[in-house]
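Before any comments, here is the structure.
These figures come from a predicted structure and were not determined experimentally. Scope of the values below: all heavy atoms of this structure, side chains included, with no hydrogens, waters or symmetry mates.
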Amino acid sequence: MEIVSTVASLKEAIKKFRDNGDSVGLVPTMGALHNGHISLVKKCIAENGCCVVSIFVNPTQFNDKKDLQLYPRTPQEDCKLLEEAGCNIVFAPEVEEMYPVEDTRIFNLGPVAEVMEGKFRPGHFNGVAQIVSKLFYAAEPDNAYFGEKDFQQIAVIRSMAKELGLDKINIVAVPIVREEDGLALSSRNRRLSPEQRKNAPQIWETLCKSCKFAESHTVAETIKFVIDTLNGIDQMRVEYYEIVNGKTLMPVQDWNEADYIVGCITVFCGEVRLIDNITYKRN
């Protein structure tokens, strides 16, 4: 496994595989890796001759500077995990390498970036588009892998790729990996206190219960059920819960409005912000 820190050295490392006729897969991460990330890496390895994993905590996607400072950074552990998984190249640049000058690009990401996370974290998706586009230009991958826990982000990245003419890159969505108790794997989970970690699996438990509840209740009643249930748990506060068309991400009012319906949630567990989602309907 080769570890590089500049775009020039990344391109040079990838060229060796390209010259051999290998396809290139990219897994963009912010480090603090867990089994969810490794599931992306393993899929990337299975489908490409060259697996590139980037580790970069991107400052432009944090609208809360405290969150940026607290974001866990474990580069040595990350590289050990990636080498064990079979990764070929790790790209671990410094901020100055990715942003030698301020990135002033403003993307037209469309309605998919304006709802949910876009509403509660202004500027977040523009920052995501900035860094992912830079990684796409640097690595020029055939395939790029993203976890479905960040359901909305995948739609935003597809929109960004289309806007920049990068839509030849195949965006691969990989299913959520969960702990045995149902909590979606996240780098932020390590910031939970023991009590918060004990309560956090109730996010997924409540979403699962809401599927049964939805069979005999309206969309609005189901949203209220989820929010009320989770807000009743110690140290938990729902920031939003929306039930949306899985393709457009626009809210639905009725279960018959779309063939693909997904519930997307953000919950504060103490000060730790956790996201998750569940599919109600997919034909």
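- A salt bridge does not link Glu114 to Lys119: none of the charged side-chain nitrogens sits closer than 4.0 Å to a carboxylate oxygen.
- One distance of note links CD of Glu195 with CD of Gln235; it measures 4.5 Å at 0.5 Å rounding.
- Formation of a donor-acceptor pair under 3.5 Å by the Gln152 side chain with backbone atoms of Val112 is found in this model.
- Under 3.5 Å, the side chains of Glu94 and Ser5 contain no donor-acceptor pair of N or O atoms.
- Taking the side chain as every heavy atom from C-beta outward, Ile89 and Val53 never approach each other to under 4.5 Å.
- Taking a 6.0 Å sphere around NZ of Lys65, one finds it holds more than 12 heavy atoms contributed by other residues, nucleotides or ligands.
- More than 12 heavy atoms of other residues, nucleotides or ligands sit less than 6.0 Å from atom CD of Glu221.
- Counting all heavy atoms, side chain and backbone alike, Gly118 lies closest to Phe125 at N-CE1, 3.6 Å.
- The number of heavy-atom neighbours closer than 6.0 Å to NZ of Lys281, taken from other residues, nucleotides and ligands shown, is above 12.
- Ring geometry for His34 versus His37: interplanar angle of 30 to 60°, hence tilted.
- Asp22 and Asn48 share no side-chain donor-acceptor pair at under 3.5 Å.
- The closest side-chain heavy-atom distance from Val52 to Leu10 is below 4.5 Å.
- Of all heavy-atom pairs spanning Pro72 and Arg190, the tightest one is CB-CD, 3.7 Å.
- With contacts defined as side-chain heavy-atom distances shorter than 4.5 Å, the pair Val226/Leu207 qualifies.
- Of all heavy-atom pairs between Ser23 and Asp142, the closest is CA-OD2, 3.3 Å.
- Remark: Lys42 NZ is loosely packed, at most 12 non-hydrogen atoms of other residues, nucleotides or ligands lying under 6.0 Å away.
- Here Glu215 pairs with Lys212 in a salt bridge; the nearest charged N to carboxylate O distance falls below 4.0 Å.
- Remark: side-chain polar atoms of Gln130 are paired, donor with acceptor, to backbone N or O of Arg105 under 3.5 angstrom.
- Ser210 and Tyr280 share a donor-acceptor pair across their side chains, judged by distance under 3.5 Å alone.
- Between Asp259 and Lys247 there is no side-chain heavy-atom pair separated by less than 4.5 Å.
- Ion pairing between a basic and an acidic side chain is recognised when a charged N comes within 4.0 Å of a carboxylate O; Glu163 and Arg158 show no such pairing.
- By the 4.0 Å N-to-carboxylate-O rule, Arg188 lies too far from Glu271 to be salt-bridged with it.
- With Phe225 as the aromatic partner, Lys209 does not meet the cation-pi criteria of under 6.0 angstrom to the ring centre and within 45 degrees of the ring axis.
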List the steps, then state whether side-chain contact (heavy atoms from CB on, under 4.5 Å) holds for Leu26 with Tyr145.
CA-CA 6 Å; Leu26 171 68; Tyr145 297 81; over 6 Å; no
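- Between Arg237 and Val267, the closest side-chain pair of non-hydrogen atoms is not below 4.5 Å.
- Under the 4.5 Å side-chain criterion, counting only non-hydrogen atoms from C-beta, Glu47 is in contact with Lys43.
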As a quick check of understanding, evaluate side-chain contact (heavy atoms from CB on, under 4.5 Å) for Tyr99 and Thr60, giving each step before the final call.
CA-CA 10 Å; Tyr99 297 101; Thr60 69; 3.1 Å; yes
Check the pair Met236 / Asn199 against side-chain contact (heavy atoms from CB on, under 4.5 Å), numbers first and verdict last.
CA-CA 8 Å; Met236 278 202 186; Asn199 288 338; 4.0 Å; yes
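- Note on Glu140 versus Arg18: no salt bridge recorded, every NZ/NE/NH1/NH2 to OD/OE distance being 4.0 Å or above.
- Between the side chains of Tyr71 and Asn58, no donor N or O sits under 3.5 Å from an acceptor N or O.
- For the pair Phe56/Leu135, no side-chain contact is recorded, criterion being any heavy-atom separation below 4.5 Å from C-beta on.
- At distances below 3.5 Å, not a single donor-acceptor pair connects side-chain atoms of Asn277 with backbone N or O atoms of Ile265.
- Residue Val95 comes nearest to Pro59 through the heavy atom pair CG1-CG, 4.2 Å, listed as atom of the first residue, atom of the second, then distance.
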Can Cys44 and Asn143 be said to form a side-chain contact (heavy atoms from CB on, under 4.5 Å), step by step?
CA-CA 8 Å; Cys44 179; Asn143 304 294; over 6 Å; no
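- The CD1 atom of Ile55 sits 5.0 Å away from the CG atom of Leu82 when rounded to the nearest 0.5 Å.
- Side-chain contact check for Met250 versus Val244: every heavy-atom pair is 4.5 Å or farther apart.
- Donor-acceptor pairing under 3.5 Å is lacking for the side chains of Asp276 and Tyr241.
- Between the side chain of Glu97 and the backbone N or O of Val7 there is at least one donor-acceptor pair closer than 3.5 Å.
- Closest of all the heavy-atom pairs between Met98 and Lys134 is O-NZ, 2.8 Å.
- Placement of Val172 and Val262 in two distinct hydrophobic clusters is found when ILVMFWY residues are connected by side-chain heavy-atom separations under 4.5 Å, directly or transitively.
- The backbone N or O of Ile38 sits nowhere less than 3.5 Å from a side-chain atom of Asn35 that would complete a donor-acceptor pair.
- Relative ring orientation between Phe151 and Tyr260 is described as perpendicular, the plane-to-plane angle rising above 60° on a 0-90° scale split at 30° and 60°.
- Asp234 has no carboxylate O lying under 4.0 Å from a charged side-chain N of Lys198, or vice versa, which leaves the two without a salt bridge.
- Judged by distance alone, with hydrogens and angles left aside, the side-chain atoms of Ser9 form no donor-acceptor pair with the main-chain N or O of Val4 at under 3.5 Å.
- Leu192 and Ile176 fall into different hydrophobic clusters, where Ile, Leu, Val, Met, Phe, Trp and Tyr residues are linked whenever their side-chain heavy atoms come under 4.5 Å apart, directly or through other members.
- Summarising the geometry, atom CD1 belonging to Ile261 is positioned 10.5 Å from atom OG1 belonging to Thr279; distances are rounded to the nearest 0.5 Å.
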